[in-house]
Amino acid sequence: MIKALTIGLALCIAMSITGVVFSGTALAEVDTSKFNSAISAELGKAADTDVLYQRADQIYDVIEHDDTHIIWKFAGTTGDYAFVFADGRLAVASMSSFDLSAKDTLEKELNDIIDLIDVVSGVDNAEREHAVDHAIYYANEAGIYHRLKYNYDTNFNLKLNIPDCEVRTARLTVHGYDLGCVGVFPTPGQHYFIDDSEVSGCDITRGRGGGYICEGTGISYADCKPG
């Protein structure tokens, strides 16, 4: 069953890097002007910064901390900076320019922060999903990224029309698995297209030996289920 469909377009973004969550906060050791991309989120629960600091200091290079916030560096990997505030605000900032690859890294590091908070105070799946789904991305140039996510639990037909503007790159992600139909004359399975070019799809038919034959585009057999 398709759980969600996410379409990321290098098209528009809500805010520039100057509006990131740590603006206006007294950060003694970090020059925020050097960042070129970032992500921020509201986890919706406070974290014990003393306990969180003890955990973070075992893994990361902690830059500064007090009872209101912790800043650490993802040293040895990206060099990005994590900002965790006691009121539940989270942010990751990077010197890399924003693109879909940078977006993936920022989202992974946001989840790394949530993983650490989960160890300290517990984070359920709904809290994590809400924080990630409502995260705000930042770049030096406003108006370059937009993310759409649709949740489905039934069959659907969707055609997304993009306004007349430049789309530099796009990505379509299916969460869950594709359902193909089984039978002598199967109806079409699930298929996804960008500009009339199929990027993912799934059809399942019954083979002569009685087994299933999966025919897919951009998909593995494990992601293609009879249905």
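Here NZ of K45 is found 14.0 Å from CG of D87. Values are rounded to the nearest 0.5 Å. L90 contributes atom CG, which lies 12.0 Å from atom CZ of F83 (distance to the nearest 0.5 angstrom). Between I71 atom CD1 and H65 atom NE2 the span is 11.0 Å, to the nearest 0.5 Å. Atom-to-atom distance recorded for S121:OG and L43:CG is 7.5 Å, nearest 0.5 angstrom. Between the OH atom in Y53 and the CD1 atom in I70 there is a gap of 9.0 Å [rounded to 0.5 Å]. Of the inter-residue distances, the one linking N111 atom CG with I39 atom CD1 reads 8.5 Å to the nearest 0.5 angstrom.
In this structure, D115 pairs ionically with R128, as a charged nitrogen and a carboxylate oxygen lie closer than 4.0 Å.
Of all the heavy atoms in A131 and A41, the pair that sits closest is O-CB, 3.6 Å. Nearest heavy-atom pair, V120 versus R55, reported as atom, atom and distance to 0.1 Å: CG2-CG, 3.9 Å. Across H69 and E64, no two heavy atoms sit closer than the pair NE2-OE2, 2.7 Å. Smallest separation of non-hydrogen atoms from E109 and V92: OE1-CG1, 3.2 Å. Of all non-hydrogen atoms in T49 and D66, the two that sit nearest each other are OG1-O, 3.3 Å. Between N36 and S96, the shortest heavy-atom distance links the atoms CB-O, 3.4 Å.
Applying the salt bridge (charged side-chain N to carboxylate O under 4.0 Å, His left out) rule to K108 yields the partners D112; only residues at least two apart in sequence or on another chain are considered.
Contact of the W72 side chain with the I113 side chain is registered, since non-hydrogen atoms from C-beta on lie closer than 4.5 Å. Inter-residue side-chain proximity for L106 and S37 is flagged as met; some heavy-atom pair is nearer than 4.5 Å. Side-chain contact check for V84 versus L52: some heavy-atom pair is nearer than 4.5 Å.
In terms of hydrophobic clustering, with Ile, Leu, Val, Met, Phe, Trp and Tyr side chains grouped at heavy-atom distances under 4.5 Å, V119 and Y60 are assigned to different clusters.
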Where do E42 and R89 land on the salt bridge (charged side-chain N to carboxylate O under 4.0 Å, His left out) test, with the steps shown first? CA-CA 5 Å; E42 295 274 356; R89 290 177 297 149; 5.2 Å; no
Evaluate the side-chain contact (heavy atoms from CB on, under 4.5 Å) criterion for residues D80 and M95: first the C-alpha distance (whole Å), next the side-chain angles of each, then the deciding distance (0.1 Å), finally the verdict. CA-CA 7 Å; D80 294 347; M95 288 177 280; over 6 Å; no
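Here H130 and H134 bring their ring centres to under 6.0 angstrom of each other. The distance between the ring centers of Y81 and F35 falls below 6.0 angstrom. In this structure, F98 has its ring center no closer than 6.0 Å to that of Y138.
When atom types are taken as modelled, the side chain of E127 and the backbone of D124 share a donor-acceptor pair closer than 3.5 angstrom.
When the shell of 6.0 Å around CG of N125 is examined, it contains 12 or fewer heavy atoms from other residues, nucleotides or ligands.
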